[in-house]
Amino acid sequence: MGGTFDPVHYGHLRLAEEMAECLDLARVLFIPAGQPPHRGAPRTAAEHRLEMVRRAVAGNPRFVADAREVERAAPSYTVDTLTALRAELGPERPLWLLLGADAFLGLPDWHRWRQLFELANIVVADRPGSPAQHAGAMPEALGREVAQREIADGAAAGPAGAILRRRMTPLDISATALRGILARRGSARYLLPDAVLDYIHGQKLYT
Ligand code: ATP
Ligand code: MG
């Protein structure tokens, strides 16, 4: 699961937990983007975003904070990260890319996006406020991939190439909204873990 995680919040964590449970994942790697190619520089330095993820995943034995994109100076392309993970796992084991619906709809703008299907399966979680995911609302090229690759919930997937769209407990939480709340010194409690919030206050982030 990639993201800017600026900051990490319960939307991310719950998505990962529900998908890990339904797909029976052994591990979920949270991989903060170093220098995301798709958007302006994150508000917060990569080391802080990584540290917040570390605190957020502490205590969940299958969640791991993974620093590989933060440690890379160049822009972080998901296709490169998945290539590295696939090399570590070998060709047989299923690898899943976890995405929210808004990120999925933007997939055709990603670097070498079609190659992603050779490397991993993709599970897409509904996200409140994200445009509908029906075929008409999707970029045409993405709709074609979905038509070919979509599998039903509970169906077996191979190592790569499947797309599963799945509901999750709807949580209308975004890092953008959190940055706004924190900037006006509002309460962000119960939208993200206390351990992350304590770090934000201790480091005076987002003020
Ligand atoms: P920002 O508002 O800064 O874009 P964000 O809350 O969207 O932050 P990201 O780091 O951009 O968080 O998202 C990482 C991944 O998590 C993306 O795939 C995104 O779709 C997904 N995601 C984030 N929040 C939610 C949520 N509340 N429900 C479902 N998916 C989510
Ligand atoms: Mg986002």
Side-chain angles (χ1 to χ4, degrees), residues 1-23 25 28-57 63-70 75-79 81-82 95-111 113 116 120-133 137-139 142 146 163-184 186 188 190-193 196-197 200 205-206:
M1 175 158 180
T4 24
F5 301 123
D6 189 16
V8 63
H9 55 69
Y10 283 134
H12 303 125
L13 293 161
R14 190 65 206 172
L15 185 162
E17 181 70 4
E18 292 191 19
M19 299 311 165
E21 188 176 31
C22 85
L23 298 168
L25 304 180
V28 179
L29 307 186
F30 288 75
I31 310 182
Q35 193 189 307
H38 278 281
R39 45 198 284 169
R43 163 81 205 256
T44 312
E47 309 80 75
H48 287 312
R49 291 182 290 107
L50 175 63
E51 183 57 29
M52 290 189 280
V53 168
R54 286 204 172 112
R55 288 169 186 244
V57 303
F63 285 5
V64 180
D66 186 302
R68 71 183 71 215
E69 290 194 1
V70 163
S76 338
Y77 292 119
T78 299
V79 67
T81 302
L82 290 180
L95 174 61
W96 287 87
L97 175 64
L98 276 50
L99 292 177
D102 60 311
F104 181 67
L105 290 174
L107 207 68
D109 295 330
W110 292 21
H111 188 53
W113 70 281
L116 299 172
N121 300 307
I122 298 181
V123 60
V124 186
D126 273 353
R127 181 170 189 181
S130 171
Q133 283 187 74
M138 230 183 269
L142 188 60
V146 170
I163 296 173
L164 172 64
R165 293 189 285 175
R166 202 172 188 283
R167 292 190 176 288
M168 62 173 275
T169 304
L171 291 169
D172 193 358
I173 304 173
S174 73
T176 301
L178 281 169
R179 293 192 297 274
I181 291 169
L182 293 163
R184 60 178 167 75
Y190 312 125
L191 296 173
L192 73 178
V196 176
L197 198 51
I200 288 171
L205 305 178
Y206 307 110

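Note that ligands are numbered from 1 as they come in the structure, with each ligand's atoms numbered from 1 the same way. None of these values were measured; they are calculated from a predicted model.
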### Message
Tell me whether the rings of F5 and F30 are parallel (<30°), tilted (30 to 60°) or perpendicular (>60°).
### Response
tilted
### Query
Who's closest to atom 22 (N) of ligand 1 heavy-atom-wise, of R49, R179, E18, R127?
R127
### Query
Is F5 close to ligand 1, meaning an N/O of one under 3.5 Å from an N/O of the other?
yes
### Task
Under 4.0 Å from a heavy atom of L99: give me the atoms of ligand 1 that qualify, with their elements.
18 (O)
### Task
Would you sort out whether L164 and L23 count as a side chain to side chain contact (heavy atoms under 4.5 Å, CB included), showing the intermediate values?
CA-CA 10 Å; L164 172 64; L23 298 168; 3.8 Å; yes
## Note on the structure
R184 meets the side-chain hydrogen bond (donor to acceptor under 3.5 Å, both in side chains) criterion, sequence neighbours left out, with none
### Side-chain donor or acceptor of E18 paired with backbone N/O of T169 under 3.5 Å
yes
### Task
Just jot down the ligand 1 atoms closer than 4.0 angstrom to any heavy atom of T176, in number order.
1 (P), 2 (O), 3 (O)
### Task
Would you check the N or O atoms of I173, main chain and side chain alike, for any that come under 3.5 Å of an N or O of ligand 1?
yes
#### Entry: Numbered atoms of ligand 1 (with element) below 4.0 Å of D102, judged on heavy atoms
19 (C), 20 (O)
### Message
Counting only nitrogen or oxygen atoms and a 3.5 angstrom limit, does T4 reach ligand 1?
### Response
yes
### Task
Number the atoms of ligand 1 from 1 as they appear, then name those within less than 4.0 Å of a heavy atom of G3, with their elements.
10 (O), 14 (C)
### Query
Where do H9 and L178 come nearest, in terms of heavy atoms and distance?
CB-CD1, 3.5 Å
### Message
So which atom in V146 and which in M138 form the shortest heavy-atom distance, rounded to 0.1 Å?
### Response
CG2-SD, 3.7 Å
### side-chain hydrogen bond (donor to acceptor under 3.5 Å, both in side chains) partners for D66, two or more places apart
R68
### A125 contact mode with ligand 1 (heavy-atom cut-off under 4.0 Å)
neither
### Message
Need the ligand 1 atom indices (1-based, order shown) with element for anything under 4.0 Å from a heavy-atom of D126.
### Response
29 (C)
### Task
Would you mind running through ligand 1 and noting each atom that sits below 4.0 Å from a heavy atom of G2?
14 (C), 15 (C)
### Message
Please check whether D172 reaches ligand 1 - meaning an N/O of the residue sits under 3.5 Å from an N/O of the ligand, judged on distance alone.
### Response
no
### Task
Flag the pair L13 / E17 as yes when at least one side-chain heavy-atom distance between them is below 4.5 Å, and no otherwise.
no
## Note on the structure
On a heavy-atom basis, the closest approach of F104 and P108 is O-CD, 4.3 Å
### Message
Can you check which of H12, M168, H9 brings a heavy atom nearest to atom 12 (O) of ligand 1?
### Response
H12
### Query
Which of the numbered atoms in ligand 1 are below 4.0 angstrom from a heavy atom of L15?
29 (C), 30 (N)
### Task
Would you check whether M1 has a nitrogen or oxygen atom less than 3.5 angstrom from a nitrogen or oxygen atom of ligand 1?
no
### Query
Does V57 reach the side chain of V64, with side-chain heavy atoms less than 4.5 Å apart?
no
